[in-house]
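As structure tokens, the structure follows; a few thoughts come after it.
All ligand and atom numbering here is 1-based and tracks the order in the structure. The figures here come from the full heavy-atom set of this structure, side chains too, leaving out hydrogens, waters and symmetry mates.
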Amino acid sequence: MWLSEVMLQQTRVETVKPYFHRWLDRFPTLQTLAEAPLDDVLKAWEGLGYYSRARNFHRAVREVAERHDGRIPDDPVAFRGLPGVGRYTAGAVMSIAFGREEALVDGNVRRVFARWTDDPAPADPALWSLAAALAPGARPGDVNQAVMELGATLCVPRAPLCGECPVREHCRAFRRGSQAERPAPKKARPTPHEDTAVALVEHEGRTLLVRRPVDARLGGMWAFPAAVRRRGESVAAAAERAVREGLALEVRAGAAIGTVKHTFTHVRASYHAVRCTLLSGDPRPLHYDAWAWATPADLSSYALPVAQRRIAALAAEPRCSAERTAEPAVPPSTFESLLRY
Ligand code: SF4
């Protein structure tokens, strides 16, 4: 149940289902997961995104194995102290799995409460105290799930089905006819853009991979060396710099492979991939945790984020004269870190 709550954060049920079943086949007990290396855990999570969830869940399970005798603590304070366990997850697991009178608030609950109270922008403290008022009783987990389900099925963002709602007589927004405006939409912030050069260093039939530091974005995942372009920097220069600064290797950038676009929660990224030839040096992981030379067949055994898989697929396409030589426009941003991408 804890696993499903973690997987379902920011992710649709239909997407999660196959991952959930595969995960349980691969890690049938808490102990097998606790003993698994992070590489295996991230490989099982590959494609589900938001990889910090997998890293934190793995750390939390290890802590349960080592400090709680392998039993998930049913004490809200102890459970909340585990890595990655936020207020919502704690409320869900404690109330649903252990029958503890703990509150929870997620996006669906927020919308339902905003309509019950006819509040266009309910603050977190008000939402949590309303949820806390509902939790006491014999079946707090059922109550919490009922409110979430109401938000998911009837009290939907657009055109709520108030005629079928079992609590409409308690709903202030329904009485006033304001339910379509509750909660008021949040102002969308512009999403920053990162323009990244990706180096596919090819040598004797293998391609160079790096493992990203655990505390970086996509931490623990494997990737091709890359750097966010500096203002005025060409893709070739940024790719060569990525390999030099990240691995102490000198390479020469050659033909462009293509561009892959990917949107993260807070940033849109354009990855410009370019083939590179090894000139000199032995790899040293200066900005990375590890490196490896991978054959095309090896690639499937590494945990690669979706965008990196797409780059690998582009690179595997037959080369032709159309192998892109055009240089993308100079990036508007000045992001410089190797690990911002
Ligand atoms: S009456 Fe309508 S707006 Fe109010 S809780 Fe029910 S579905 Fe939502």
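Per-residue contacts place Gln179 under 4.0 angstrom from the following atoms of ligand 1 (heavy atoms of the residue considered): 3 (S). Under a 4.0 Å criterion applied to the non-hydrogen atoms of Trp116, ligand 1 contributes the atoms 5 (S). Taking every non-hydrogen atom of Arg168 and a distance limit under 4.0 Å, the qualifying atoms of ligand 1 come out as 1 (S).
Counting only N and O atoms by type, the side chains of Asp298 and Thr295 include a donor and acceptor under 3.5 Å apart.
Of the candidates Arg172, Arg175, Arg182, Asp118 forms a salt bridge (Lys or Arg N to Asp or Glu O under 4.0 Å) with just one, namely Arg182.
Metal site remark for atom 2 (Fe) of ligand 1: Cys155 contributes no N, O or S atom at a distance under 2.8 Å. At least one N, O or S atom of Cys165, from either the backbone or the side chain, sits less than 2.8 Å from atom 6 (Fe) of ligand 1. In summary, an N, O or S atom of Cys171 is located under 2.8 Å from atom 4 (Fe) of ligand 1.
The shortest distance between side-chain heavy atoms of Trp293 and Pro283 falls below 4.5 Å.
Taken together through direct or relayed side-chain contacts under 4.5 Å among Ile, Leu, Val, Met, Phe, Trp and Tyr, Leu200 and Leu279 form parts of separate hydrophobic clusters. Side-chain heavy atoms closer than 4.5 Å link hydrophobic residues (I, L, V, M, F, W, Y) into clusters, and following such links, even through other members, never connects Leu286 to Val210.
Nearest to atom 2 (Fe) of ligand 1 among the protein's heavy atoms is Cys162 SG, 2.4 Å.
A perpendicular orientation is assigned to the rings of Trp222 and Tyr302, their planes being inclined by more than 60° (bins at 30° and 60°).
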